[in-house]
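A short worksheet on the structure shown next.
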Amino acid sequence: MLSFAPYEQSAAICFCCNLLKAYRDEWESWGGQLTDLARAGQDGCPRCRFFAKCFASFAPEIFSLGNSFHISHTSIGLKLQRYRDRQSVSLSLDVFLLSAEVHRPPPLHRGLPTRSLLPGQTSSNTTFRTIQHWTSTCVNNHTRCNATGLLDAHSTQFPKRIIQVTSDQVILREHLSHRPQYACLSHCWGPSINITKTTSASLELFKNEIPSDSLTPNFQHAVDVCRRLGIEFLWIDSLCIIQDSETDWKEESAKMASIYENAFLTIASTKSAAGSGGCYAVTDPEYLAKQVPGTNVYVRRRPPLFPAGWVNYRYREAQAWPLLNRGWAYQEIRLSRRILHFCNQEVIWECRESRKSESGCSDKDIGTDDPQFKSKNYFDVPYWILERDPQKLWYRTVEEYSDMQLTFEKDKMPALAALTQKMETLRVNDRFLAGLWEKTLLFDLLWMVFPSPKTGRSATWLAPTWSWASVQSRVVWESKVESIRTLDSVRVITIRYSTKGPSHLAEIEEAALTLRAPLLRGTVEENKLLLPPTMPFVDNINSIHYLHDLFHSTTEEYHNHSGIEVSVLIIGMCDSTFDRSYEGIVLLSKGNTTLYERIGHVHLSIKPPELAPEDFDRSEARSKEARRKEARRMEARRNKIWEEMTGVITSTWTNLFLEEVTIV
């Protein structure tokens, strides 16, 4: 955050920054043309002169007509008509001091952040000294990062195979007799079929040696990282699992949670969309800082900020993090205790208590048990704290994971299986049902599709329509799910569910739910849900928010037709200060059968009551406190009438429309 101490200078007003030329402790955001900034600096404004020097140090050629700047407490930006043969470019700059120079900085520099210089190559010795410092700090000081002890080498959850990398050779070891420290690699395979794999034919050869020249740059760099950090063993999925053996794949993939959780470190080739991209990178010169002449201040283009969360990250500088868009990588990174992200411009460290970056721009402490987390949206709460509420943790997991990309649709459940296994340890005596959980089933059914680049049902059947796994879109739940209460009349009558093999892999053989609930009849007209005007209390419905599950499905077009008869299954009611609504799912009958399939989610908002004139105290001679008290009384009165009204609606709909339906 930028702030400035008072600075002795003329009290005249600067025409550019519109503030006193003497610095003040607080100032507003400001901006304008770079030519005006330079002229104001020459006219005697120290603030404008300082920033003009910073911008000139970054790129002196930008001081031309049409180029502008913007400065706030948290950011410094440039909007350039032309830059490096590109047009209409917006840049964020990083203006900073080195950590060794923060002792008694001059007034003009106070409030500038402290950063570090980037060495220029992520394979440099400087980078690895930084990594070793991060590692040592974590190992010696972070309780949560060291809570997972290494498994015994004879444990069935230990990797069957692992790669030894400490000698000049790369050798696949099997059934180790000792307990090693090892790293994992998280990487994108990419479209190439030439990635080195262990097969039934190559297994014995790789036990003697895996030819180094056959390894992709991702693998070669991961081996080099291990050797330079003194880590003896490395686990890579394509080399440690026999790729043409379904039996071996099922056995080893079942261990995925423990493999990543018990790894000392996960090396993430975050910048690479394929094995040929490698881990290492040369930093672009615009991210290498230049010293502002006559000062201890440095300026550079701000390195891409590491995503604060998984959701929507790819819509902002997405090309910088291709690995973070990969479905398989989601659980690998979520489960790892320590991750080294090799990015395009720098290396970024993540563990369960902190995030560190070589530049210092993406640093964040994530280990504090902040009591304010209780009042925050569950996306803002660290995963380890959210483990105290497994229901919300699962919703966050699915909302993040469903936005990821998979090469093969059939991997949708296997790529989440390790986190599903982890969730099973938090949900004792619960049952996993195609992405939902039996004990919270009625709430879990209330998922909603979110606008996504890819929509519709999966081309091949993966899950029943009542499961979020049946659609290709990102899905979400109501953010304040705790405000939803199921109706007393709603019951789960039967669950018919079976899988081939472990439930967390979700190779589903049968999946059908029979529910008893109020079932309203309606129609869909041009993707709008309409209820019949003769239905009791239909006039009390303020709005109908219908989200269909398929959007532009290529395999099922019925949701785009007009006049489709549907059923609205009411599951619960959402009570909040400003809204009372019924939450449910929209069903479509399957032909002439008694079965239904889900096609959407619905939110029926009930009109708030209008109070009678006699309810208001219109006395004019009242104090402010009396008016506040009267407002609270009226709010309580309104909510009481609202609650009574919805109680009557619920009772009526239950008496008239209660039915049993089976959803597949």
Side-chain angles (χ1 to χ4, degrees), residues 1-2 51 54-55 57-59 62 69-80 83-84 86 89-102 112-131 133-134 221 225 267-273 277-292 297-310 312-325 333 339-351 354-366:
M1 179 175 289
L2 302 173
F51 281 109
C54 291
F55 294 150
S57 299
F58 173 70
I62 65 176
F69 70 95
H70 182 267
I71 299 171
S72 73
H73 287 286
T74 57
S75 65
I76 300 173
L78 291 174
K79 189 170 184 179
L80 308 179
Y83 176 70
R84 289 187 164 193
R86 290 175 286 169
V89 178
S90 295
L91 304 176
S92 293
L93 297 190
D94 188 27
V95 178
F96 63 96
L97 298 168
L98 297 180
S99 57
E101 298 171 348
V102 296
L112 291 176
T114 58
R115 309 284 199 214
S116 299
L117 300 175
L118 293 175
Q121 295 186 15
T122 58
S123 60
S124 68
N125 290 331
T126 300
T127 292
F128 274 81
R129 284 194 294 270
T130 300
I131 292 172
H133 172 70
W134 292 335
H221 293 170
V225 170
I267 302 162
S269 185
T270 306
K271 75 176 187 67
S272 297
C279 297
Y280 297 145
V282 175
T283 305
D284 192 299
E286 65 184 348
Y287 297 105
L288 300 177
K290 299 175 183 177
Q291 190 168 6
V292 179
V297 176
Y298 290 81
V299 61
R300 63 188 170 197
R301 183 175 181 181
R302 188 188 67 193
L305 296 179
F306 196 77
W310 292 84
N312 289 334
Y313 87 88
R314 69 165 177 261
Y315 305 112
R316 177 172 51 84
E317 297 179 322
Q319 69 279 6
W321 334 94
L323 180 66
L324 301 187
N325 192 33
I333 292 172
I339 309 107
L340 272 180
H341 293 279
F342 283 85
C343 307
N344 282 312
Q345 311 303 336
E346 61 178 333
V347 173
I348 294 176
W349 164 281
E350 274 195 304
C351 65
S354 69
R355 182 197 303 135
K356 297 292 183 183
S357 55
E358 287 186 273
S359 66
C361 291
S362 290
D363 290 9
K364 182 181 180 182
D365 179 10
I366 56 178

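These numbers come from the heavy atoms of this one structure, side chains and all, not from hydrogens, waters or symmetry mates.
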Please find the pair of heavy atoms, one from Gly120 and one from Leu288, that lie closest to each other, and give the distance. CA-CD2, 3.9 Å
So, do Ser72 and Ser75 sit near enough that their side-chain heavy atoms are less than 4.5 Å apart? yes
Evaluate the side-chain contact (heavy atoms from CB on, under 4.5 Å) criterion for residues His341 and Leu324: first the C-alpha distance (whole Å), next the side-chain angles of each, then the deciding distance (0.1 Å), finally the verdict. CA-CA 10 Å; His341 293 279; Leu324 301 187; 4.3 Å; yes
Is a side-chain donor or acceptor of Ser90 paired with a backbone partner of Lys79 at a separation under 3.5 angstrom? no
What distance separates Leu78 CG from Ile62 CD1, expressed to the nearest 0.5 Å? 4.5 Å
For the pair Phe342 and Tyr280, evaluate ring-ring contact (aromatic ring centres under 6.0 Å, His included) and give the outcome as yes or no after the intermediate values. CA-CA 7 Å; Phe342 283 85; Tyr280 297 145; 5.8 Å; yes
Atom CG in Leu91, atom CG in Leu80: separation rounded to 0.5 Å? 5.0 Å
Just wondering, do Phe55 and Phe69 contact through their side chains at under 4.5 Å, heavy atoms? yes
Ignoring hydrogens and geometry beyond distance, is a side-chain donor-acceptor pair present between Ser357 and Asp363 at under 3.5 Å? yes
Can you confirm whether Val95 sits close enough to Tyr298 that some side-chain heavy atom of one is under 4.5 Å from a side-chain heavy atom of the other? no
For Phe58, what residues pass the ring-ring contact (aromatic ring centres under 6.0 Å, His included) criterion, not counting sequence neighbours? none
If I take atom OG from residue Ser359 and atom CZ from residue Arg302, how far apart are they, to the nearest 0.5 angstrom? 10.0 Å
Write down the atom of Ser57, the atom of Gln291, and the distance for their closest heavy-atom approach. OG-O, 4.1 Å
Find out whether Thr126 and Leu117 are in side-chain contact, i.e. whether some heavy atom of one side chain is under 4.5 Å from a heavy atom of the other. no
Which atom names give the shortest non-hydrogen contact between Gln121 and Thr283, and what distance separates them? N-OG1, 4.1 Å
Leu340 and Trp349, any side-chain heavy atoms less than 4.5 Å apart: yes
Any non-hydrogen side-chain atom of Cys361 less than 4.5 Å from a side-chain atom of Leu305? yes
With no hydrogens and no angle check, do the side chains of Ser124 and Thr127 hold a donor and an acceptor under 3.5 Å apart? yes
What distance separates Phe128 CZ from Thr130 OG1, expressed to the nearest 0.5 Å? 10.5 Å
If every non-hydrogen atom of Ile339 is compared with every non-hydrogen atom of Ile333, which pair is closest and at what distance? CD1-O, 3.7 Å
What residues form a side chain to side chain donor-acceptor pair (under 3.5 Å) with Asn344, not counting sequence neighbours? none
Beyond-backbone contact of Ser362 with Arg355, side-chain heavy atoms, under 4.5 angstrom: yes
Report yes or no: is the cationic atom of Arg300 (NZ for Lys, CZ for Arg) closer than 6.0 Å to the six-membered ring centre of Phe96, at no more than 45° off its axis? yes
Would you give the length of the straight line joining atom OH of Tyr287 to atom CG of Asp94, rounded to the nearest 0.5 angstrom? 11.5 Å
Distance check, rounded to the nearest 0.5 Å: Cys343 atom SG versus Ile348 atom CD1? 4.0 Å
Check each of Lys271, Gln345, His221, Glu358 against Thr122 using the side chain to side chain contact (heavy atoms under 4.5 Å, CB included) test, and report the only one that passes. Glu358
